[in-house]
Visitor: 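The structure is given below, and queries will be raised subsequently.
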Amino acid sequence: MRLSTCIAGMVLTLVLGLYLGTLLPGVLQDIRGRDTAVAPQQVLAEAAPAAAPPSPAQPAPGPGDAARGLPPELAARLASLEAAVRKDPSSADNWTQLGNLFFDAGRVSEAIQAYERSLALAPGNADVLTDLGIMYRENKAPEKAVECFRKAFAADPRHENALFNAGVVLYNDLGRKDEAIAAWRRLLTLNPQARAPDGRTVSEMVRRLEEPTRRQ
C-alpha cells in the first residue's frame, strides 16, 4: 500500500499533504491509504493537476497508452501490473496496486478508475477509500473526496488518515469549518498527539480555528 493535505485561512496555513503512517509521514514518500504503521495513505498535501474521472464503463487503460510518458522503471512496473490484471481481473489487490502506481505517477483519472475497480471487488477497504478520496480531491471533486473519507472511517472508525484528510477538505475546499473541527476532534480522541505534515499538532490547529469564536 502506499502513502502520501492543505489548509489556508485566517492565521492558519496548513500544509496540504496526505498524511500517512502516524499522521506525520514526515517526508511523504509513498502515497496512499492503509494501516498507519505500515503503508501509505496520503495526508493531503499539495493538490496535483487533475483530470476528469473516467466513466465506470470505461475499459482499463491499454498497455501502450497507459505507459506513455512514464519513466522506464515505472513503465516496466506498469506492464507487470497490467499483465497481472489481465491474468486475474477479479483480484482487488491487483487493481489497488495499479491504482497506487498511477497515484505515484500523478495520473489522477487512471488512479480513480483502478481504485473504483478495486472497491467494486472488495467494498469497504478503508485504505483504498482514503486514497480514492485523495485522488478525487486532486480532481477538483471535494464533495466526492469527503464522501470517500467518510466511508473510510465508517468502515474503520480508527482510520486516522481518513479523519485528518476529511478535515482538510471540509475546511480548505468546502469552507465547512465546524465539520472540519468535528473530524479533527474525533481524530484527537484516537491520537491526542496527531500532527499535520508540517509538524503542527492537530490540537493546535483546532485551537486556532476556534479562537475567533471564543473572542466573540
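Excluded from the calculations below are hydrogen atoms, water molecules and symmetry mates; all remaining heavy atoms, backbone and side chain alike, are included.
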Visitor: Output all residues satisfying side chain to side chain donor-acceptor pair (under 3.5 Å) with S203, sequence neighbours left out; order by chain, then residue number.
Guide: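 Only T201 meet the side chain to side chain donor-acceptor pair (under 3.5 Å) criterion with S203.
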Visitor: Would you please name every residue forming a salt bridge (charged side-chain N to carboxylate O under 4.0 Å, His left out) with R186, sequence neighbours left out?
Guide: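 Salt bridge (charged side-chain N to carboxylate O under 4.0 Å, His left out) check on R186 returns nothing, list empty.
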Visitor: Quick one, F149 and L170 - any side-chain contact, counting heavy atoms below 4.5 Å?
Guide: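 Not in contact.
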Visitor: In plain terms, say whether E204 and R207 are close enough for a salt bridge, that is, a side-chain N and a carboxylate O under 4.0 Å apart.
Guide: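 Yes, charged N to carboxylate O under 4.0 Å.
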Visitor: Report yes if some heavy atom in the side chain of L74 is under 4.5 Å from a heavy atom in the side chain of P71; otherwise report no.
Guide: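 In contact.
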Visitor: So, using side chain to side chain donor-acceptor pair (under 3.5 Å) as the criterion, who are the partners of D93 when residues are at least two apart?
Guide: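 Counting only residues at least two positions away or on another chain, D93 forms a side chain to side chain donor-acceptor pair (under 3.5 Å) with Q97.
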Visitor: Would you please name every residue forming a salt bridge (charged side-chain N to carboxylate O under 4.0 Å, His left out) with E143, sequence neighbours left out?
Guide: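 E143 satisfies salt bridge (charged side-chain N to carboxylate O under 4.0 Å, His left out) with R176 once adjacent residues are dropped.
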Visitor: Could you tell me whether E179 and R150 have a side-chain N and a carboxylate O separated by less than 4.0 Å?
Guide: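 Salt bridge flag = yes for R150 with E179.
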Visitor: Which residues satisfy the side-chain contact (heavy atoms from CB on, under 4.5 Å) test with L190, sequence neighbours excluded?
Guide: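 Listed in chain order: R158, E160, L163.
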Visitor: Under the criterion salt bridge (Lys or Arg N to Asp or Glu O under 4.0 Å), I'd like the reasoning laid out for E73 against R77: C-alpha separation, chi angles, the key distance, then a yes or no.
Guide: CA-CA 6 Å; E73 184 179 345; R77 188 177 164 206; over 6 Å; no
Visitor: Which residues pass the side chain to side chain donor-acceptor pair (under 3.5 Å) test with S90, not counting sequence neighbours?
Guide: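 Scan of S90 (side chain to side chain donor-acceptor pair (under 3.5 Å), adjacent residues dropped) gives D88.
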Visitor: Is a side-chain donor or acceptor of N165 paired with a backbone partner of N161 at a separation under 3.5 angstrom?
Guide: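 Between the backbone of N161 and the side chain of N165 there is a qualifying donor-acceptor contact (under 3.5 Å).
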